[in-house]
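One structure is given below, encoded as structure tokens.
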2 protein chains.
Amino acid sequence: MNYGIGKFSRIVNISVDTLRYYEKEGLIVPKRDNVNRRQYTDHDVKWIDFIKRLKKTGMPIKDIKKYAKLRYRGNETINDRLKLLYDQRHRLKADQVELQGHINFLDEKIQTYHEMNASVEAKLESK
Amino acid sequence: MNYGIGKFSRIVNISVDTLRYYEKEGLIVPKRDNVNRRQYTDHDVKWIDFIKRLKKTGMPIKDIKKYAKLRYRGNETINDRLKLLYDQRHRLKADQVELQGHINFLDEKIQTYHEMNASVEAKLESK
DNA sequence: CCTTGACATTGAGTACACTCCAGAATTTAG
DNA sequence: CTAAATTCTGGAGTGTACTCAATGTCAAGG
């Protein structure tokens with residue numbers, strides 16, 4: 001099944017402008033019909049979902065682009081793509097540790113504020 | 001102890017331009033000396049460290065600004081500041097869940113690619 | 001057949017968080 | 001005392017990821 005950019009936009013929930021921007025960046029390059037209109041496929045739906053996911057993991061467009069280039073080159077690039085995924089996984093694991101550190105930091109700060117509040121109340125009490 | 005912007009910049013490892021930008025945004029507003037030069041204090045060092053931490057947790061400047069405004073208003077605003085910290089902690093907890101989801105997603109994709117590789121090798125084997 | 005709507009391209013504009021630059025004043029080192 | 005360094009302000013420029021506007025082409029519905 002083929003979709004024009006408008007319909008595809010509604011399916012994947014990305015604006016037509018963004019889709020054209022992604023194309024300019026080489027993330028997704030649909031075929032064109034006889035009058036030069038973009039023809040997206042169901043395959044493209046899956047691909048966009050993957051892109052959306054990579055984006056959510058915080059991967060910048062230029063890295064997704066690298067992945068896209070490899071993908072458009074075919075199956076011989078699977079190991080290169082695997083490496084990119086491993087790298088990203090590695091980053092996310094690091095993010096996870098950092099994130100826990102940030103939560104701990106906030107917890108400490110919150111604790112400090114609670115103690116400040118308690119001491120203010122203690123002063124009021126003693127009046 | 002007081003520091004000029006250059007020295008302070010070296011202490012907190014933030015460029016003088018960024019410090020002036022932070023001041024314009026109201027994050028940190030140092031006193032000025034008799035010839036209008038910024039005078040940062042040790043207290044400011046601690047405050048900047050806190051800002052850096054909040055930034056690392058992904059808090060946008062305008063939210064840090066809210067926090068800074070409350071802080072400059074004094075101790076009466078501790079509960080408001082506590083709320084901001086709780087909100088941010090809440091976001092980070094949500095990020096944590098999302099992050100795990102992303103890692104799982106990558107793991108699945110990596111798994112898929114490994115299987116593709118295995119099947120390619122199986123084909124080569126059978127030749 | 002003609003209007004409406006979807007699509008095309010190019011280029012400009014936006015938000016965020018810096019980053020850099022020009023021109024002036026003041027401070028410090030030699 | 002002079003030259004170099006530091007700081008000041010205002011404003012322009014950068015990169016990322018869109019987002020919007022202007023202008024033009026094509027196709028299907030009434």
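Chain identifiers are assigned alphabetically (A, B, ...) following the order of the sequence lines, protein sequences preceding nucleic acid strands; residue numbering begins at 1 within each chain.
When atom types are taken as modelled, the side chain of B:D107 and the backbone of B:N104 share no donor-acceptor pair closer than 3.5 angstrom.
When distances run from any side-chain atom of A:V35 to the nucleotides D:dA27, C:dA17, C:dC20, the shortest one goes to D:dA27. In the set C:dT9, D:dA17, C:dT19, C:dT19 carries the atom at the smallest distance from any side-chain atom of B:T18. Listed candidates were C:dA8, D:dT16, C:dT19. Nearest to the side chain of B:S15 is C:dT19.
Contact check, A:R38 against C:dA8: a side-chain N or O comes under 4.0 Å of OP1 or OP2. Note on B:K65: every side-chain N or O is 4.0 Å or more away from OP1 and OP2 of C:dA17. In this structure, A:Y22 does not reach the D:dA17 phosphate: none of its side-chain N or O atoms is under 4.0 Å from OP1 or OP2.
Base contact: A:D17 has a heavy atom under 4.0 Å from a base atom.
Partners of A:F50 under the ring pair (Phe, Tyr, Trp, His ring centres under 6.0 Å) rule, at least two apart in sequence or in another chain, are A:W47, A:Y67, B:F105.
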Verdict with supporting geometry, A:N79 and B:Y113, side chain to side chain donor-acceptor pair (under 3.5 Å): CA-CA 8 Å; A:N79 282 327; B:Y113 275 145; over 6 Å; no
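Atom P of nucleotide D:dT25 and atom CZ of A:R32 are separated by 17 Å, given to the nearest angstrom. Counting to the nearest Å, the P atom of C:dA25 and the CG atom of B:N34 are 17 Å from each other. Note: NZ (A:K24) to P (C:dA12) measures 12 Å, nearest angstrom. Here D:dA17 presents its C1' atom at 14 Å from CG of A:L19, a figure rounded to the nearest Å. The CD1-C1' distance, from B:I14 to C:dA17, rounds to 12 Å in whole Å. When the P atom of C:dC7 is taken as reference, atom CZ of A:R10 falls 7 Å away, rounded to whole Å. For B:I5 and C:dT19, the CD1 to P distance is 14 Å, given to the nearest whole Å. D:dA17 atom P lies 13 Å from atom CD1 of A:I51, rounded to whole Å.
The existence of a salt bridge linking A:K83 and A:D87 is confirmed by a sub-4.0 Å separation between a basic side-chain nitrogen and an acidic carboxylate oxygen. Under 4.0 Å is where a charged nitrogen must lie from a carboxylate oxygen, and between A:E98 and B:R53 no such pair does.
No N or O donor and acceptor, one from the side chain of B:R20 and one from the base of D:dT9, sit under 3.5 Å apart. Scanning atom types as modelled, one donor and one acceptor separated by under 3.5 angstrom connect the side chain of A:R37 and the base of C:dA6.
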